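Structure first, then comments.
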Amino acid sequence: MSQDTSDDERLDGTSADVSHGDASRQPTVTAGSLLREGFADLRRNPGVALALVLAGLAVAVVDWVRVADPVPAAEFVGVTDGRLLVAYGVMGHVPAGATTPFAALVSVRPTWLAWVAALELLRTGAFVLACVYGFASVLSVAPTPGVVARYGGVFAAFSALRWLAPSADVPLPVGLVFLAVFLLVLARLATVPALVVSGRSVPAAFTQSWTLARGHTWTLVGVVLVLGLALFLLASVPLAGPVLASLAVALQVATVAAFVRRVE
Amino acid sequence: MVPDSSLSRRQLLASGGAAGALLGGGALARAALPTAAESATDEPSKSDWPMAGGDPAGAGYAPDAEPPTEGVTLRWSEPMSLAPDPDSRPSPVVANGVVYAVGGELLAASETGGVVARLPGRSDTAPVVAPGRAYRTQTAAALLTPTFDPPRLVGFHGRGEQTVAGLAGDERRWVRAVDPVADSYGSVHYGGGPRPPPVAAGDALVTFFRGTLAAIDASSGAVLWRTGESMTATRPSIRDGTVYVPADGRAGEEGRRIRAFDLESGERATVATVSGRLTSLVATADGFVAAGDRGLYAFDGDGETRWHVEPEDDDASVGPVAVGEDVVYATLPGDDGPRLAAVDRSDGQRRWRSAVEPPSGGAALPAATDDVVCVPASDGSLAAVDAADGRLRWRFEPAGEDERCSPAALADDAVYVLTNDRLYALEQP
């Protein structure tokens with residue numbers, strides 16, 4: 001609690017500086033410099049990439065098993081379908097190759113419901129642990145069970161949003177507006193995972209992330225675009241997609257951590 | 001700045017162990033999945049009619065059904081949304097007490113009357129019902145033809161259920177895109193549009209998928225296998241784990257082939273080469289019965305012709321066949337036009353020729369028991385003739401002036417038939 005209070009106080013100071021438009025007091029941060037710094041951090045700490053590759057392997061294995069079971073699974077359609085997506089997940093995520101739509105769980109037998117839930121838990125848990133380990137390593141903090149639980153909760157909430165969110169075909173101009181808003185929100189929330197691992201409460205992490213991003217929104221939009229597109233292209237590789245995409249998530253972890261270190 | 005932290009030997013070993021455990025666990029799970037599936041519930045019973053043609057072979061023969069023989073009366077009827085094509089009247093299907101019919105919607109009704117579900121989607125091809133291994137209820141699948149999008153095979157929750165733990169879900173289990181089949185005989189035989197109806201065998205649905213034959217898991221909707229060759233789309237006939245379909249011959253060859261595909265693996269073989277086009281094929285215990293533009297055929301298991309009934313008029317094709325224990329029913333051309341007829345299954349000798357004239361759009365699939373044979377007639381009615389001598393036993397004439405009957409489904413003690421805008425259940429008076 002005391003740490004939260006001190007962080008809030010520090011955050012208030014940073015926020016005031018930025019909101020008053022005093023550019024000389026803001027750290028110089030560009031998307032390119034952040035990505036380079038993140039990459040350098042990953043090279044210094046290969047355990048982060050290794051942890052996320054193992055999490056990506058867990059996702060790939062779950063996909064491999066899920067396509068053989070009798071519960072319907074929607075397959076991930078990558079770049080081969082002529083689409084290009086920004087597949088950036090705030091909490092660090094790779095697109096699963098096989099996911100069961102909510103509607104397909106109607107009347108499913110309890111045994112198979114438990115099976116699907118267990119596999120989802122495995123791949124979600126693997127990613128949560130790998131991301132917490134990654135952020136903790138590059139931010140030089142010691143994760144606690146409480147941090148893992150909070151991170152898992154936010155990760156699950158974002159996953160549920162993705163799973164349950166309705167989709168609709170809209171005209172291109174409307175779609176572009178949605179895309180712009182989506183990117184801005186992603187950029188503003190980009191540092192949530194790093195702040196959660198640093199020990200903030202979930203509401204504080206969201207508030208601070210929103211405030212920290214002020215004055216750096218376009219830089220973070222650049223990071224989201226580069227990493228989100230790289231993640232989508234890597235995830236499009238058959239079978240090995242989740243493993244390769246997890247390397248982009250490792251770079252995301254290191255880049256976001258680098259941003260937090262610079263501006264906090 | 002992040003301090004340097006190279007990987008320790010212990011970390012590498014632990015990572016290797018974790019990767020090995022993941023891969024090994026995945027391989028074990030995949031190996032165990034086929035046997036881990038619980039036995040299917042809601043498996044269609046012998047007295048059901050879960051697909052067009054009645055059974056996987058497409059024999060159109062229901063020995064366990066006891067439909068009306070001495071006359072017919074209405075048990076119930078349900079209105080249907082109008083079909084996209086007014087000439088489209090696919091056969092209803094029946095499984096585990098639920099009757100399904102398609103048109104402007106997929107209607108699921110109880111055998112005893114009352115709507116179970118009305119599911120969205122337009123279709124001109126008979127639906128199919130199969131057990132869903134992962135589910136408590138059966139899967140009802142239909143080839144939907146949306147107005148603007150490509151056709152798709154959709155697996156619905158068989159009893160129209162839509163909620164999970166009180167949360168509203170969807171009536172669909174899975175969706176698979178199916179491109180249109182350019183060359184098809186489906187409209188002639190099953191009362192539907194240009195696509196032949198899907199066929200269920202165990203947990204698999206066999207259908208034409210993007211121009212090729214494919215097997216699809218009825219529970220998950222996964223494509224189990226697809227053929228590499230495209231072929232004329234005719235209702236597949238499945239027997240003893242093998243899928244049989246007529247296929248075009250190689251370039252320069254006049255004959256047509258009967259192809260055989262292993263239901264599990266999709267491995268292909270050619271079992272017979274025949275002249276002319278086959279438009280209806282039924283695999284039997286000892287060979288095949290087929291119909292086409294050169295007549296009615298019976299082949300043995302090696303494809304050797306046992307007998308051949310040639311049409312008297314070269315331009316007339318023989319209608320689709322229903323195959324009973326020792327008799328074959330089909331619409332055969334004659335001096336007075338095409339008529340429903342019966343020939344002996346052992347030698348092709350004609351047993352009888354009825355007075356029932358097929359609809360102008362082409363002969364429809366007969367539905368037979370050991371007592372009666374039901375077939376749509378030219379006046380829009382459904383006619384039932386005596387299986388022994390072809391004498392008319394009863395005729396059902398729908399109330400509407402323009403209503404015309406589909407091929408019938410025979411299940412338990414009832415006959416189900418679809419007209420342009422209504423599903424009927426008929427019974428003995």
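To find a chain, count down the sequence lines: A is the first, B the second, and so on, and within it residues start at 1. None of the values given here were measured: they were computed from a predicted structure.
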Inset, instruction - Using a 4.5 Å cut-off on heavy atoms from C-beta on, say whether the side chain of B/Arg136 contacts that of A/Pro110. - result: yes

Legend entry - Heavy-atom pair count under 4.5 Å with chain A, highest-scoring of B/Ala222, B/Ala19, B/Ala18: B/Ala19

Legend entry - Pick from B/Leu224, B/Leu22, B/Asp217, B/Val175 with the largest number of heavy-atom pairs that fall under 4.5 Å of chain A: B/Leu22

Inset, instruction - May I ask you to decide if A/Asp69's main-chain N or O and B/Arg133's side chain share a donor-acceptor pair within less than 3.5 Å? - result: no

Legend entry - N/O donor-acceptor pair under 3.5 Å between B/Tyr135 side chain and A/Ala104 backbone: yes

Taking all atoms of both residues into account, what is the closest heavy-atom pair of [X] and [Y], and its distance?
X	Y	value
A/Val61	B/Gly26	CG1-CA, 3.7 Å
A/Pro72	B/Ser219	CG-O, 3.4 Å
A/Val108	B/Ala134	CG2-O, 3.2 Å

Inset, instruction - Quick one: pull up NE2 in B/His157 and CG in A/Leu105 and give me the separation to the nearest 0.5 Å. - result: 8.5 Å

Legend entry - Point-to-point distance, once rounded to the nearest 0.5 Å, from CH2 of A/Trp64 to CG of B/Leu23: 7.0 Å

Legend entry - Partners meeting salt bridge (Lys or Arg N to Asp or Glu O under 4.0 Å) with B/Arg118 (sequence neighbours left out): B/Glu78, B/Glu105

Inset, instruction - Report, as yes or no, whether the 6.0 Å neighbourhood of atom CG on A/Leu84 holds more than 12 heavy atoms from other residues, nucleotides or ligands. - result: yes

Inset, instruction - Verify the neighbour count for atom CZ of A/Phe39: are there more than 12 heavy atoms of other residues, nucleotides or ligands below 6.0 Å? - result: no

Inset, instruction - Heavy-atom distances under 4.5 Å only: say whether A/Leu54 touches chain B with side chain, backbone, both or neither. - result: both

Inset, instruction - Let me know if A/Ala73 has heavy atoms under 4.5 Å from chain B in its side chain, its backbone, both or neither. - result: backbone

Inset, instruction - Measure B/Arg172 against the heavy atoms of chain A and call it side chain, backbone, both or neither at under 4.5 Å. - result: backbone

Legend entry - Under 4.5 Å from a heavy atom of chain A, the part of B/Ala218 involved: neither

